[in-house]
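Heavy atoms only: backbone and side chains are in, while hydrogens, waters and symmetry mates are out. Small disclaimer: the values here were computed from a predicted structure and weren't measured. Quick note on labels: first sequence line is chain A, next is B, and so on, each numbered from 1.
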Amino acid sequence: LANTYHLTLRPGAELVAKAGGLHKFMNYAGPILTDSGGFQVFSLAKNRKINEDGVIFRSHLSGEKLFFTPEKVIEIQEQLGADIIMSFDECIDYPVSHTYAKESTERTIRWAKRGLNAHKRQDQALFGIVQGGEFADLRKYSALETVKLNFDGYSIGGTSIGEPKDVFLKMVDYSVPYLPEDKPRYLMGIGSIDYILEGIARGVDMFDSVLPTRIARHGAVMTRTGRLNIRKEIFKDDFRPLEAACDCYTCQNYTRAYIRHLYVSKEQLAQRLLSIHNLRFLIKLIEEAREAIKADRFLDFKNEVLIKFGDERGF
RNA sequence: GGGGGAGUAGCGAAGUGGUCAAACGCGGCUGACUGUAAAUCAGUUCCUUAGGGUUCGGUGGUUCAAAUCCGCCCUCCCCCA
């Protein structure tokens, strides 16, 4: 996953285009998705102003003004060249009034139309984003109106921004039933084990999140029996891999004791090794979920996984 | 043998009569992080039945009051011989 706002600031979409697009620039042959900057409307709320036409950002790096319209955001993403691109939206804060959520959600739908009209590169899939806050009527309205526009896939946005888990589940429950089964459903920004499994149980196909890499950088390791922090002294002479059953590069080659030593010594390699593990951990989880679905035993699989974590939250 | 300096919580280190259970850092322990302004942030770290109790190398004093002042002792470091 790459980001329109951040890549615009540095190194710039023109440069990425000149390099031949993100795949060539990064030398990455796998699927790439770019987010539209809609999340930065929420996360960088202090530095922006919203109007009907779009969002004016103040660059958090230089202070420079950047005007993002739905059309501009599509144009930038076409230059970046990801496989899947996102419609411009506003990720609504939580908690929020019904009045504001309605106003914002309606605007996001207008922006979705504009973005769709501006979209030229048909080799890229364009997804529309469902908003609506925590409100059932707005989620339904947002989903139905967005689906009417006929996007290549549908994203559920505005979740995991500080709301309690029951509210998160509500948001998903209020959105998914109105999204077609024959197009991808993407739950944006979800990365914890339990949230992913709850999403899959509700019919979601895709996820993305910084969680596995961010917590890895902070020393946290995802394992099937719960979360573990590599900083801890108990791992000082623990010469086992992070997780015995794991087939990742890190677990195949390094011990907890060594990774802890790297971490404590502030060696960046520790962060990379932990990130590799957490990413592989989640991908493996999804692979197994897929197998469980094929075998028509997904709910059992989900329960088995969550029970092993030792608590309801996952970790 | 002569001269000088130092001993404070797990470690380092402030504090030099009351506002000191004692700053700060490290280490330890908890916890957070979810469409990336995050190699970050928060809490905790003498004991406690939570009322309080016992601390600043040891010991004996001075004082209403001592980590802080005085005597003696112990240990360590540096310089000269």
### Task
Quick one: label T159(A) by what it contacts on the DNA or RNA (base, sugar-phosphate, nothing), any heavy atom closer than 4.0 Å.
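Nothing: the residue T159(A), judged by heavy atoms under 4.0 Å, touches no strand.
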
### Query
What is the distance from CD1 of I230(A) to P of C29(B), rounded to the nearest Å?
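Computing the I230(A):CD1 to C29(B):P distance gives 12 Å.
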
### Message
Please give the remaining members of the hydrophobic cluster of F239(A), linking ILVMFWY side chains under 4.5 Å, ordered by chain and number.
### Response
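F239(A) clusters with nothing; isolated.
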
### Query
So what's C24(B) paired with, Watson-Crick or G-U wobble, going by both distances under 3.5 Å?
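WC or wobble partner is G12(B).
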
### Query
Taking atom C1' in both C69(B) and C79(B), what distance in whole Å separates the two?
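Their C1' atoms lie roughly 29 Å apart.
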
### Query
When rounded to the nearest Å, what value does the distance between P atoms of A9(B) and A67(B) take?
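The same atom, P, in both gives a distance of 14 Å.
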
### Task
To the nearest Å, give me how far apart CD (Q271(A)) and P (U40(B)) are.
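In whole Å, U40(B) P lies 8 Å from Q271(A) CD.
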
### Query
What is the distance from CD1 of I215(A) to P of U36(B), rounded to the nearest Å?
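The distance from CD1 of I215(A) to P of U36(B) comes to 16 Å, rounded to the nearest Å.
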
### Query
Mapping H218(A) and V264(A) to their closest nucleotides on RNA chain B, which lands nearer the 5' end?
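First, find each residue's nearest nucleotide; the 5'-ward one identifies V264(A).
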
### Query
Given atom NZ of K46(A) and atom P of A38(B), what is their separation to the nearest angstrom?
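Those two atoms, NZ and P, are 12 Å apart.
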
### Query
Taking NZ, NE, NH1 and NH2 as the nitrogens, is one of them in R224(A) or E288(A) under 4.0 Å from a carboxylate oxygen of the other?
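A salt bridge is present here (some side-chain N lies under 4.0 Å from a carboxylate O).
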
### Message
Using atom P in both nucleotides, what's the gap between C20(B) and A66(B) to the nearest angstrom?
### Response
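Between the two P atoms, the distance is 15 Å.
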
### Query
Using atom C1' of each nucleotide, how far apart are C46(B) and G28(B) to the nearest Å?
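About 15 Å, rounded to a whole number of Å.
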
### Rounded P spacing from G61(B) to G17(B) in Å
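Comparing P positions in G61(B) and G17(B) gives a spacing of 24 Å.
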
### Query
Which nucleotide, A37(B), C33(B), A38(B), lies nearest any side-chain atom of Q40(A)?
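Given the options A37(B), C33(B), A38(B), the side chain of Q40(A) is closest to A37(B).
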
### Sugar-phosphate only, base, or nothing, as touched by G219(A) at under 4.0 Å among non-hydrogen atoms
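Nothing, no heavy atom under 4.0 Å.
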
#### Entry: Between G12(B) and G60(B) - P atom distance, rounded Å
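Result for the P pair: 27 Å, nearest Å.
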
### Whole-Å distance separating the CG atom of L228(A) from the P atom of A32(B)
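Computing the L228(A):CG to A32(B):P distance gives 14 Å.
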
### Query
Using purine N1 to pyrimidine N3 plus N6-O4 or O6-N4 for Watson-Crick, or N1-O2 and O6-N3 for G-U wobble, both under 3.5 Å, which nucleotide pairs with G17(B)?
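Result: none.
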
### Message
Only pairs with both distances under 3.5 Å count, Watson-Crick or wobble alike; so what is the partner of U54(B) in this structure?
### Response
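U54(B) is paired with nothing.
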
### Message
Return the pairing partner of C69(B) with a 3.5 Å limit on both distances, Watson-Crick or G-U wobble; otherwise return none.
### Response
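Base partner found: G61(B).
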
### Query
Looking only at side chains, do Q131(A) and T108(A) share a donor and an acceptor under 3.5 Å apart?
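Per modelled atom types, Q131(A) and T108(A) side chains form no pair under 3.5 Å.
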
### Message
Considering every strand and a 4.0 Å limit on heavy-atom distances, what is the contact class for R231(A): base, sugar-phosphate, or nothing?
### Response
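Answer is base: heavy atoms of R231(A) come under 4.0 Å of a base.
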
### Query
At under 4.0 Å, does any side-chain N or O of S43(A) touch on OP1 or OP2 of U36(B)?
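Checking S43(A) against U36(B): no side-chain N or O falls below 4.0 Å of OP1 or OP2.
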
### Task
May I ask you to say what E90(A) touches in the nucleic acid, namely base, sugar-phosphate or nothing, with a heavy-atom cut-off under 4.0 Å?
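No contact.
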
### Query
For the side chain of E233(A), counting heavy atoms from C-beta on, which of C33(B), G28(B), U36(B) is nearest?
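Among the listed nucleotides, the one closest to the side chain of E233(A) is G28(B).
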
### Query
CG of L61(A) versus C1' of U36(B): gap in Å, rounded?
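Those two atoms, CG and C1', are 12 Å apart.
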
### Message
Whole angstroms only, please: what is the CG-P distance between N229(A) and U44(B)?
### Response
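That distance rounds to 19 Å.
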
#### Entry: Residue pair H119(A) / E78(A), side-chain donor-acceptor N/O under 3.5 Å
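On atom types as modelled, these side chains qualify, holding a pair under 3.5 Å.
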
### Query
If you measure from the C1' atom in G15(B) to the same atom in U68(B), how many Å do you get, rounded?
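To the nearest whole Å, 8 Å.
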
### Task
Please report the shortest heavy-atom distance between E52(A) and W111(A), naming the atom on each side.
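E52(A) and W111(A) have their closest heavy atoms at O-NE1, 2.8 Å.
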
#### Entry: Short N-O contact, D194(A) and K165(A), less than 4.0 angstrom
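K165(A) and D194(A): salt-bridged.
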
### Query
For C33(B), what is the paired nucleotide under Watson-Crick or G-U wobble rules, both distances under 3.5 Å?
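Result: none.
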
### Query
With a 3.5 Å cut-off and no angle check, do the side chains of D208(A) and Y186(A) form a donor-acceptor pair?
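A pair is found: one side chain offers a donor N or O, the other an acceptor, under 3.5 Å apart.
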
### Query
Using the benzene-type ring in the case of Trp, are the ring centres of H60(A) and Y5(A) under 6.0 Å apart?
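When the ring centroids of H60(A) and Y5(A) are compared, they turn out to be within the sub-6.0 Å range.
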
### Which residue lies more 5' along RNA chain B, comparing I234(A) with K266(A) via nearest heavy atoms
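It is I234(A) whose nearest nucleotide is closer to the 5' end.
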
### C1' spacing across the pair C74(B) / U59(B), given as an integer number of angstrom
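That atom pair is separated by 10 Å.
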
### Which nucleotide in A39(B), U36(B), G28(B) has an atom nearest any side-chain atom of R260(A)
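For R260(A), the side-chain atoms sit closest to G28(B).
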
### Message
According to a cutoff of under 5.5 Å between the ring centres and under 30° between the ring planes, does H6(A) stack with the base of U36(B)?
### Response
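No; centroid distance or tilt outside limits.
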
### Task
Send over the distance from Y263(A) OH to G28(B) C1', rounded to a whole Å.
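Atom OH in Y263(A) sits about 15 Å away from atom C1' in G28(B).
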
### Query
Syn versus anti for G57(B), judged by chi lying within 90° of 0?
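In terms of base orientation relative to the sugar, G57(B) is anti.
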
### Message
If you only use heavy atoms from C-beta on, which nucleotide in G28(B), A37(B), A39(B) is closest to the side chain of Q268(A)?
### Response
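The answer is A39(B), which lies nearest to the side chain.
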
### Message
Suppose we define a pair by two distances each less than 3.5 Å, Watson-Crick or G-U wobble; what does G7(B) pair with here?
### Response
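Looking at the geometry, G7(B) pairs with C74(B).
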
### Candidates C33(B), A37(B), U36(B) - which lies nearest the side chain of L1(A)
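Per side-chain heavy atoms of L1(A), the pick is U36(B).
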
### Message
Need the pair for G1(B). Rule: Watson-Crick or G-U wobble, both distances under 3.5 Å, any strand; none if unpaired.
### Response
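Per the H-bond distance test, C80(B).
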
